[in-house]
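Some notes on the structure that comes next.
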Amino acid sequence: MLHWRLINRPRHPLMRLALALVGAALLAGVLVLGFFAIVAFAVIGGIVAVVRAVSRSQHASAPSPADTGPRIIEGEYAVIHDNRAVRH
């Protein structure tokens with residue numbers, strides 16, 4: 001059986017306990033840091049969502065003069081007539 005160890009486990013029981021406590025503290029630190037990172041992402045995402053919602057509501061409340069109805073699409077277009085027969 002292959003074992004890869006970064007450091008060998010100490011034989012002294014107090015050193016084993018100290019090493020276990022250091023490992024537990026590191027694990028707890030990573031978990032707490034991850035929790036605060038998730039909270040920060042959620043807060044920033046919420047702020048972005050509120051800012052976008054407010055800016056969209058401000059744009060929707062001020063209609064442009066070109067709006068004449070809800071089914072009108074403003075733009076330029078060109079009609080292309082293709083009278084050739086389609087061969088398959």
Side-chain angles (χ1 to χ4, degrees):
M1 186 172 199
L2 297 173
H3 292 282
W4 183 75
R5 293 184 182 169
L6 187 60
I7 57 173
N8 290 330
R9 288 190 306 180
R11 293 180 184 243
H12 196 276
L14 289 178
M15 282 302 294
R16 281 188 177 190
L17 180 65
L19 192 60
L21 290 175
V22 168
L26 286 174
L27 180 63
V30 168
L31 289 174
V32 168
L33 188 66
F35 173 75
F36 283 118
I38 288 174
V39 169
F41 280 130
V43 168
I44 291 170
I47 291 170
V48 169
V50 168
V51 167
R52 284 186 179 181
V54 168
S55 71
R56 285 182 182 168
S57 69
Q58 287 176 352
H59 288 293
S61 64
S64 66
D67 289 340
T68 57
R71 298 185 57 130
I72 304 298
I73 298 175
E74 187 69 28
E76 297 180 10
Y77 62 92
V79 177
I80 300 174
H81 296 286
D82 191 7
N83 297 330
R84 292 180 295 173
V86 178
R87 286 192 253 170
H88 292 279

> When clusters are formed from ILVMFWY side-chain contacts under 4.5 Å, directly or step by step, what else is grouped with L31?
Replying inline: L27
> Under the side chain to side chain contact (heavy atoms under 4.5 Å, CB included) test, which residues partner V43, sequence neighbours left out?
Replying inline: V39, I47
> With sequence neighbours excluded, what pairs up with V32 under the side chain to side chain contact (heavy atoms under 4.5 Å, CB included) test?
Replying inline: F36
Side-chain donor-acceptor pairs of residues 12-26 under 3.5 Å, sequence neighbours excluded:
unit_1	atom_1	unit_2	atom_2	d
H12	ND1	L14	N	3.1
R16	NE	P10	O	2.9

